[in-house]
Amino acid sequence: MDRLWTNARIATMTGPGMGVVEHGAVAAKDGRIAWVGSASEAPTAAETIDCEGRWITPGLIDCHTHLIHGGNRAHEFELRLQGASYEEIARAGGGIVSTMRATREASEADLVASALPRLDALIAEGATTVEAKSGYGLSLDDELKMLRAARALARERKVRIATTFLGAHALPPEYADDRAGYVDLVCQTMIPALGGLADAVDAFCEGIGFTPEETARVFGAAKAHGLPVKLHAEQLSNQHGAALAASHGALSADHLEYLDDAGIAAMARAGTVATLLPGAYYFVRETRLPPIQALRDAGVPIALATDCNPGTSPLTSLLLVMNMGATLFRLTVEECLAGVTREAARALGLQNEIGTIEPGKSCDLAIWNVERPAELVYRMGLNPLHARVFKGIWKGV
């Protein structure tokens with residue numbers, strides 16, 4: 001073995017519960033987990049690290065972000081404080097289109113540079129995998145620029161970046177009178193041009209976004225090019241997007257405040273993950289809760305993510321996301337931890353690679369200065385990370 005972390009308490013997240021191993025150890029070889037179990041039975045290794053009784057969890061996973069963008073929207077925050085709604089700001093030329101302008105003006109290097117502090121904040125709290133969407137370019141060249149910037153982040157930092165193409169995020173001004181033309185551009189030009197830059201395709205199915213029919217066209221194009229899909233669904237209204245996403249075998253449907261029973265049933269049948277975004281719920285002062293108990297009852301996996309974006313969730317803390325998931329949505333400690341590890345991996349289609357501590361998976365770990373896992377959910381504004389391990393590489397924090 002290359003490396004052994006011993007004298008630890010381990011939340012493997014393999015279930016039942018959190019899959020806790022007391023007095024445990026984890027061994028890595030060639031960047032992958034080779035063994036996990038009781039420290040008394042641990043194999044020998046070239047390097048042994050005494051964790052001194054600390055807790056180890058899988059490295060955290062942020063499965064829904066808009067990490068890459070130009071500018072910020074602090075002025076829109078002020079407008080909302082004065083009573084303007086998200087929809088009113090968007091229809092007045094703000095919102096996504098405002099960020100589009102700043103993103104188009106930025107170079108690829110600018111986008112990387114501005115995203116790195118946000119990424120660093122996530123990494124500093126134990127994140128080892130972060131999803132990053134396009135969707136603020138809304139032209140072929142600018143969408144590809146965003147995706148190249150996302151790929152560049154993985155070269156700048158020891159982190160796994162999962163990329164998502166979100167061309168169907170908003171209608172750019174030049175297509176204001178030609179919705180069908182823009183959907184054609186997304187389906188017939190942008191998706192065929194992705195060339196390995198995107199790991200999945202997303203869309204914003206909403207009254208101020210794209211219709212279910214338009215979204216279905218985007219999904220059809222994604223499938224034709226071998227790309228899995230996911231969807232921003234039921235955030236502001238019930239467009240039945242979750243059921244549509246499930247019918248296309250979507251990895252996840254995200255937001256879901258207005259999700260109905262039919263959508264839940266469809267997601268359960270398809271194995272589509274419900275990705276909840278409490279930061280956006282909090283920031284836009286939403287009052288309608290996602291149907292948490294109904295999702296539980298149906299056995300729909302629940303993930304949590306920051307939704308890091310400049311307009312509705314300028315959040316770069318998965319620890320705070322877990323606290324919000326518990327306090328706002330009444331998720332349990334186990335659900336919150338699973339939501340940023342095992343189920344977040346499932347929402348990215350990476351459940352066979354990351355998300356739990358078991359042999360064969362990438363050795364992505366977070367080591368914590370806590371007495372019990374509940375502290376990771378309970379505290380606000382305190383980062384108890386002791387060390388982060390990415391692909392078996394030990395790095396103190």
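Because only heavy atoms are used, hydrogens play no part in the values below, and waters and symmetry mates are left out as well, while side chains stay in.
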Check your understanding: Are the side chain of Ser114 and the backbone of Leu111 linked by a donor-acceptor contact shorter than 3.5 Å?
Key -> yes
Exercise for review: For the pair Asp184 and Arg217, find out whether any cationic side-chain nitrogen is under 4.0 Å from an anionic carboxylate oxygen.
Suggested key: yes
Practice item. Could you tell me whether Arg288 and Glu286 make a salt bridge, using a distance below 4.0 angstrom between a side-chain N and a carboxylate O? Key: no
Review point. Around atom OH of Tyr378, are there more than 12 heavy atoms of other residues, nucleotides or ligands at under 6.0 Å?
Key: no
Exercise for review: Indicate yes or no for a side-chain donor-acceptor contact from Glu125 to the backbone of Leu319 under 3.5 Å, with no hydrogens or angles considered.
Suggested key: yes
Point to revise | Val284 reachable from Leu79 in the ILVMFWY side-chain graph, under 4.5 Å edges | key: no
Check your understanding: Side chain of Glu257, backbone of Tyr281: donor and acceptor closer than 3.5 Å?
Key -> no
Check your understanding: Do Phe329 and Leu256 belong to the same hydrophobic cluster, where Ile, Leu, Val, Met, Phe, Trp and Tyr are linked whenever their side-chain heavy atoms lie under 4.5 Å apart, directly or via other members?
Key -> yes
Exercise for review: Indicate whether the side chain of Arg379 and that of Asn323 have a donor and an acceptor atom separated by less than 3.5 Å.
Suggested key: no
Review point. Short question: side chain of Thr272, backbone of Ala250 - any donor-acceptor pair under 3.5 Å?
Key: yes
Practice item. For the pair Glu76 (side chain) and Ile89 (backbone), establish whether a donor and an acceptor sit closer than 3.5 Å, ignoring hydrogens and angles. Key: no
Check your understanding: Given Met322 and Leu318, is the side chain to side chain contact (heavy atoms under 4.5 Å, CB included) satisfied, shown in steps?
Key -> CA-CA 6 Å; Met322 285 195 284; Leu318 280 170; 5.7 Å; no
Review point. Can you find a heavy atom in the side chain of Thr57 that is under 4.5 Å from one in the side chain of Met13?
Key: no
**Study point:** Asp307 versus His64, side-chain donor and acceptor atoms under 3.5 Å
**Key:** yes
Exercise for review: Following the transitive rule for hydrophobic clusters with a side-chain heavy-atom cut-off under 4.5 Å over Ile, Leu, Val, Met, Phe, Trp and Tyr, establish whether Leu244 and Phe204 coincide in one cluster.
Suggested key: no
Practice item. Check for a donor-acceptor pair, side chain of Asp199 on one end and backbone N or O of Thr163 on the other, with a separation under 3.5 Å. Key: yes
Check your understanding: Between Phe77 and Phe283, how do the two ring planes meet: parallel, tilted or perpendicular, split at 30° and 60°?
Key -> parallel
Practice item. Find the distance between CD (Glu214) and SG (Cys205) and round it off to the nearest 0.5 Å. Key: 9.0 Å
Check your understanding: Are any of the side-chain heavy atoms of Ser134 and Ile68 separated by less than 4.5 Å?
Key -> no
**Study point:** Salt-bridge contact Asp142-Arg101 (side-chain N to carboxylate O under 4.0 Å)
**Key:** no
Exercise for review: Please state whether the rings of Tyr136 and His66 are parallel, tilted or perpendicular, taking 30° and 60° as the class boundaries.
Suggested key: tilted
Study note, to complete from the structure: Those residues at least two apart in sequence (or on a different chain) that pass salt bridge (Lys or Arg N to Asp or Glu O under 4.0 Å) with Asp364 are Arg160
Check your understanding: Is the CZ atom of Arg372 crowded by more than 12 outside heavy atoms at less than 6.0 Å?
Key -> no
Exercise for review: Ignoring hydrogens and angles, tell me if any N or O in the side chain of Glu143 forms a donor-acceptor pair with the backbone of Leu138 under 3.5 Å.
Suggested key: yes
Check your understanding: Any side-chain heavy atom of His232 within less than 4.5 Å of one from Asp202?
Key -> yes
Check your understanding: Among pairs that include at least one residue of residues 25-34, which meet salt bridge (Lys or Arg N to Asp or Glu O under 4.0 Å), considering only residues two or more places apart or in two chains?
Key -> Arg32-Glu353
Practice item. For the pair Trp55 and Arg9, evaluate side chain to side chain contact (heavy atoms under 4.5 Å, CB included) and give the outcome as yes or no after the intermediate values. Key: CA-CA 5 Å; Trp55 277 91; Arg9 290 174 285 180; 3.4 Å; yes
Exercise for review: Answer yes or no: does atom CD of Glu371 have more than 12 heavy-atom neighbours from other residues, nucleotides or ligands under 6.0 Å?
Suggested key: no
Point to revise | Ionic contact status for Arg157 with Asp120, cut-off 4.0 Å | key: yes
Review point. Is there side-chain contact between Arg3 and Cys363, with heavy atoms separated by less than 4.5 Å?
Key: no
Review point. Looking at side-chain heavy atoms only, is the closest gap between Leu295 and Ile264 below 4.5 Å?
Key: yes
Review point. With a 4.5 Å heavy-atom cut-off, do Phe219 and Leu231 have their side chains touching?
Key: yes
Point to revise | Criterion side chain to side chain contact (heavy atoms under 4.5 Å, CB included) on Leu320 and Met380, from CA distance to verdict | key: CA-CA 6 Å; Leu320 185 53; Met380 294 183 288; 4.3 Å; yes
Check your understanding: Linking I/L/V/M/F/W/Y whenever their side-chain heavy atoms sit closer than 4.5 Å, directly or via other members, would Leu277 and Ile96 fall into one cluster?
Key -> no
Review point. Which word best sums up how the rings of Trp5 and Trp394 line up, parallel for under 30°, tilted for 30 to 60°, or perpendicular for over 60°?
Key: tilted
**Study point:** Donor-acceptor contact present, side-chain Thr316 to main-chain Leu122, <3.5 Å
**Key:** no
Point to revise | Test log, rule side chain to side chain contact (heavy atoms under 4.5 Å, CB included), inputs Leu197 and Arg148 | key: CA-CA 7 Å; Leu197 282 175; Arg148 288 194 303 270; 3.9 Å; yes
Exercise for review: Flag the pair Glu108 and Lys145 as a salt bridge only when some basic side-chain nitrogen lies within less than 4.0 angstrom of an acidic carboxylate oxygen.
Suggested key: no
Review point. Say you draw a straight line from NZ of Lys391 to CD1 of Ile393; how long is it, rounded to the nearest 0.5 Å?
Key: 10.0 Å
Practice item. Examine distances only and state if a side-chain atom of Thr65 and a backbone atom of Thr306 form a donor-acceptor pair shorter than 3.5 Å. Key: no
Check your understanding: For the atom pair NE2 (His255) and OG (Ser313), what is the distance rounded to the nearest 0.5 Å?
Key -> 8.5 Å
**Study point:** Side-chain donor/acceptor of Glu234 to backbone N/O of Gly241, under 3.5 Å
**Key:** yes
Practice item. State, with a plain yes or no, whether a side-chain heavy atom of Leu304 is found less than 4.5 Å away from one of Glu343. Key: no
Practice item. Please tell me if the side chains of Glu52 and His386 come closer than 4.5 Å, counting only heavy atoms from C-beta onward. Key: no
Review point. How long is the gap from NZ on Lys133 to CG on Asp254, to the nearest 0.5 Å?
Key: 5.5 Å
Review point. Would you find more than 12 non-hydrogen atoms of other residues, nucleotides or ligands less than 6.0 Å from His23 atom NE2?
Key: no
